[in-house]
Amino acid sequence: MSTATAGKGLEGIVATNSGICWIDGEAGILSYRGIDIHELAEFSNFEETTYLLWFGRLPSATELKEFNAQLAAARVLDPAIIQLLRSFPAGATPMEVLRTAVSALSLYDADEKDNLHDSNVRKSFRLTSQIAMIVANYDRLRKGLPLVEADKTLSHAANFLWMLNGEKPSETATKTMDIALILHADHELNASTFAARVIAATLSDIHSAVTGAIGALKGPLHGGANEAVMRMLQAIDAAGADPVQYVREMLAAKKKVSGFGHRVYKTEDPRATHLRRMSEQLSKDSGVTKWYDWSRKIELFINAEKHLNANVDFYSASTYTTLGIDLDLFTPIFAVSRIAGWAAHVIEQLDDNRLIRPRAEYIGPAYPYAYIQMTQRG
Ligand SMILES: CC(=O)SCCNC(=O)CCNC(=O)[C@H](O)C(C)(C)COP(=O)(O)OP(=O)(O)OC[C@H]1O[C@@H](n2cnc3c(N)ncnc32)[C@H](O)[C@@H]1OP(=O)(O)O
Ligand SMILES: O=C([O-])CC(=O)C(=O)O
């Protein structure tokens, strides 16, 4: 077999076949199983979208009802996981906690240790419900607040907000969270999903694949960018700076501005369109307009100056902040949604598996390079 050298960062390399997500980066189109993200954001909900990702088509009314019931029934965490959450040192970040707790979930998952399709679907239900619960529970534990029991009558988005805040969420908050979860649910071979597929392809288990994916999502070049956007907006606020001037100086110092640029999209990220709209509406409704206003000014400046567009992470920062959510929960919330895509990809990988093992172009010292005895080294 011949080998070809991929560009740095595997840019433009098609690494697998997948029937889950189609993106046209030139035209700014994102679709799950062929259905445009704009239609899903307008008409679907997170549960239905997850069904679509896992089973390849939209459910009937009865199938959706059963799916919702199965997801709600999976809102159970072993007491040992709660104990684990209580045991973390003060200052453990929610992403570190999520990564560690998801790894531990496999120890308490009574399902088959096999990698059969149906076992992994059952585990995916549990992982989807449990990730949301871990994020909500840990936030309350670190704040010294009592834990809130899952409400199995609520939707996934509403139950997450309920367990996080201990009060029934408004319709607006639930709808906003639900749309955000739809928008973040999958994105083809992004870094965390690729990591999940590489792990799954060794015939390791789905918990390992999702743990690795969470580790990849955490980085500021990927999902961690939403937190970094808010940290930047807060730094602007603390400095009493002009947002455009602040960002101009970042560019002059050759720093990257989080929430801009994308490996695949050459136009606006279609998800940013929705998040911008939601951020603007929430800011008007709440009367706290500065985060949206500053974001918009920064966006227009970066568009003009660098021809870079906002990605999914840019307006999720001001959206979640206006919903009253702490900034270090933004990336965990990304995971609350992206588990839908990770699970779909792990299952798809295993349905037609082959080990993922590319080659590296060697650029080290030329072979054979002599071994020098210790006594003869300088
Ligand atoms: C959910 C997600 O993962 S969405 C992405 C979230 N990440 C971010 O928002 C972090 C900021 N953005 C970035 O770092 C990048 O745009 C990435 C990682 C998303 C994509 O990276 P790549 O495709 O590898 O592009 P790369 O980093 O090589 O950038 C290409 C050029 O655009 C510039 N550029 C890209 N993004 C930015 C940015 N956000 N701010 C300033 N300049 C940027 C680079 O400096 C580089 O310029 P140069 O050619 O003059 O050196
Ligand atoms: O596709 C990517 O590279 C990153 C991204 O937008 C996502 O994972 O949602």
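All heavy atoms count here, side chains included; hydrogens, waters and symmetry mates do not. All ligand and atom numbering here is 1-based and tracks the order in the structure. Counting from 1, the numbers follow the sequence of the chain as shown. Quantities reported herein were computed from a predicted structural model and do not represent experimental measurements.
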**Q** Check whether any side-chain N or O of Glu96 sits under 3.5 Å from a backbone N or O of Thr93 as a donor-acceptor pair, and report yes or no.
**A**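 Yes; judged by distance alone, with no hydrogens or angles, the pair exists.
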
**Q** Do Ser44 and Thr49 have side-chain atoms, one donor and one acceptor, less than 3.5 Å apart?
**A** yes

**Q** Out of all atoms in ligand 1, which are within 4.0 Å of some heavy atom of Ala225? Include the element for each.
**A** 6 (C), 7 (N), 8 (C), 9 (O)

**Q** For atom 1 (C) of ligand 1, what is the closest protein heavy atom, and at what distance to 0.1 Å?
**A**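 Protein heavy atom at minimum distance: Asp313 OD2, 3.3 Å.
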
**Q** Which residue holds the protein heavy atom closest to atom 4 (C) of ligand 2, what is that atom called, and what is the gap in Å?
**A** His262 NE2, 3.5 Å

**Q** With a heavy-atom distance limit of 4.0 Å, tell me whether Phe314 approaches ligand 1 through its side chain, its backbone, both, or neither.
**A** neither

**Q** Taking heavy atoms and a distance under 4.0 Å, where does Val312 meet ligand 1: side chain, backbone, both or neither?
**A**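 Contact part for Val312 vs ligand 1: side chain (C-beta onward).
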
**Q** Answer yes or no for atom 30 (C) of ligand 1: protein heavy atom present at a distance under 4.0 Å?
**A** no

**Q** Answer yes when Arg126 and Asp109 have at least one side-chain N-carboxylate O distance shorter than 4.0 Å, and no when they do not.
**A** yes

**Q** Considering heavy atoms of the protein only, find what lies nearest to atom 8 (O) of ligand 2 and give residue, atom and distance to 0.1 Å.
**A**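 Looking at atom 8 (O) of ligand 2, the protein heavy atom closest to it is Arg338 NH1, 2.9 Å.
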
**Q** Could you check atom 1 (O) of ligand 2 against the protein and tell me its nearest heavy-atom contact, residue, atom and distance included?
**A** His187 ND1, 2.7 Å

**Q** Identify whether the distance between the nearest side-chain nitrogen and carboxylate oxygen of Asp24 and Lys266 falls below 4.0 Å.
**A** no

**Q** Heavy-atom distances under 4.0 Å decide this one: backbone, side chain, both or neither, for Lys306 against ligand 1?
**A**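 Side chain only.
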
**Q** Is the closest protein non-hydrogen atom to atom 6 (C) of ligand 1 under 4.0 Å?
**A** yes

**Q** Output the list of atoms in ligand 1 that are nearer than 4.0 Å to some heavy atom of Gly259, sorted by atom number.
**A** 8 (C), 9 (O)

**Q** Does Asn311 have a non-hydrogen atom less than 4.0 Å from ligand 1?
**A** yes

**Q** Among Lys256, Arg263, Arg338, which one puts a heavy atom closest to atom 23 (O) of ligand 1?
**A**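 Residue with the shortest heavy-atom distance to the ligand atom: Arg263.
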
**Q** Please check atom 25 (O) of ligand 1 for a protein heavy-atom neighbour under 4.0 Å.
**A**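 When distances to the protein are checked, atom 25 (O) of ligand 1 has no heavy atom within 4.0 Å.
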
**Q** Under 4.0 Å from a heavy atom of Arg271: give me the atoms of ligand 2 that qualify, with their elements.
**A** 5 (C), 6 (O), 7 (C), 9 (O)

**Q** Just jot down the ligand 1 atoms closer than 4.0 angstrom to any heavy atom of Phe334, in number order.
**A**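 Listed by number with element, the hits are 1 (C).
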
**Q** Can you find a protein heavy atom closer to atom 49 (O) of ligand 1 than 4.0 Å?
**A** no

**Q** Looking just at side-chain N and O atoms, do Glu66 and Gln70 make a donor-acceptor pair shorter than 3.5 Å?
**A** no

**Q** Examine the proximity of ligand 2 to His222 and report which part, side chain or backbone, both or neither, has a heavy atom under 4.0 Å away.
**A** side chain

**Q** Quick one: does atom 34 (N) of ligand 1 have a protein heavy atom under 4.0 Å from it?
**A**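 It does; a protein heavy atom is within 4.0 Å.
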
**Q** Is it the case that the side chains of Gln234 and Arg231 hold a donor-acceptor pair, with the cut-off being a distance below 3.5 Å and no angle test?
**A**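 Not at all, the side chains of Arg231 and Gln234 share no donor-acceptor pair under 3.5 Å.
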
**Q** Using side chain to side chain contact (heavy atoms under 4.5 Å, CB included), reason through Thr193 and Arg338 one step at a time and then give a plain yes or no.
**A** CA-CA 9 Å; Thr193 302; Arg338 186 54 61 86; 4.3 Å; yes

**Q** Report the nearest protein non-hydrogen atom to atom 12 (N) of ligand 1: residue, atom name, distance rounded to 0.1 Å.
**A**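 Checking every protein heavy atom, the shortest distance to atom 12 (N) of ligand 1 gives Phe260 O, 2.8 Å.
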
**Q** What is the closest protein heavy atom to atom 19 (C) of ligand 1, and at what distance does it sit?
**A**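 Here the nearest protein heavy atom works out to Gly261 O, 3.8 Å.
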
**Q** Using protein heavy atoms only, decide if any is under 4.0 Å from atom 14 (O) of ligand 1.
**A**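 Protein heavy atom within 4.0 Å of atom 14 (O) of ligand 1: present.
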
**Q** Taking atom NZ as the centre, does Lys168 end up with more than 12 heavy-atom neighbours from other residues, nucleotides or ligands that are less than 6.0 angstrom away?
**A**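 Yes - once you tally the heavy atoms of other residues, nucleotides and ligands closer than 6.0 Å, there are more than 12.
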
**Q** If you apply the rule side chain to side chain contact (heavy atoms under 4.5 Å, CB included), what do you find for Glu227 with Leu329, and how did you get there?
**A** CA-CA 8 Å; Glu227 176 178 337; Leu329 295 182; over 6 Å; no

**Q** Is there a side-chain contact between Arg86 and Tyr138, using heavy atoms and a 4.5 Å cut-off?
**A**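 No - every pair of side-chain heavy atoms lies 4.5 Å or more apart.
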
**Q** Any sub-3.5 Å donor-acceptor pair from Gln130's side-chain atoms to Val76's backbone N or O?
**A** yes

**Q** Looking at atom 3 (O) of ligand 1, what's its closest protein heavy atom, distance included?
**A** His222 ND1, 2.7 Å

**Q** Given salt bridge (Lys or Arg N to Asp or Glu O under 4.0 Å), test Arg276 with Glu280 step by step and report yes or no.
**A** CA-CA 6 Å; Arg276 183 195 296 108; Glu280 182 177 17; over 6 Å; no

**Q** Counting only heavy atoms closer than 4.0 Å, does ligand 1 sit against the backbone of Pro220, its side chain, both, or neither?
**A** backbone

**Q** Please report the C-alpha distance between Asp269 and Asn309 in whole Å, then the side-chain angles of each, then the deciding distance to 0.1 Å, and finally whether the side-chain hydrogen bond (donor to acceptor under 3.5 Å, both in side chains) criterion is met.
**A** CA-CA 7 Å; Asp269 180 333; Asn309 295 293; over 6 Å; no

**Q** In this structure, are over 12 heavy atoms from other groups packed under 6.0 Å from Tyr371 atom OH?
**A** yes

**Q** Is the contact between Leu308 and ligand 1 made by the side chain, the backbone, both, or neither, using heavy atoms and a 4.0 Å cut-off?
**A**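 Answer for Leu308: side chain.
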
**Q** Is NZ or CZ of Arg75 both nearer than 6.0 Å to the six-membered ring centre of Phe125 and within 45° of the ring axis?
**A** no

**Q** Please compare Val257, Leu251, Thr331, Leu221 and report which has the shortest non-hydrogen distance to atom 39 (N) of ligand 1.
**A** Val257

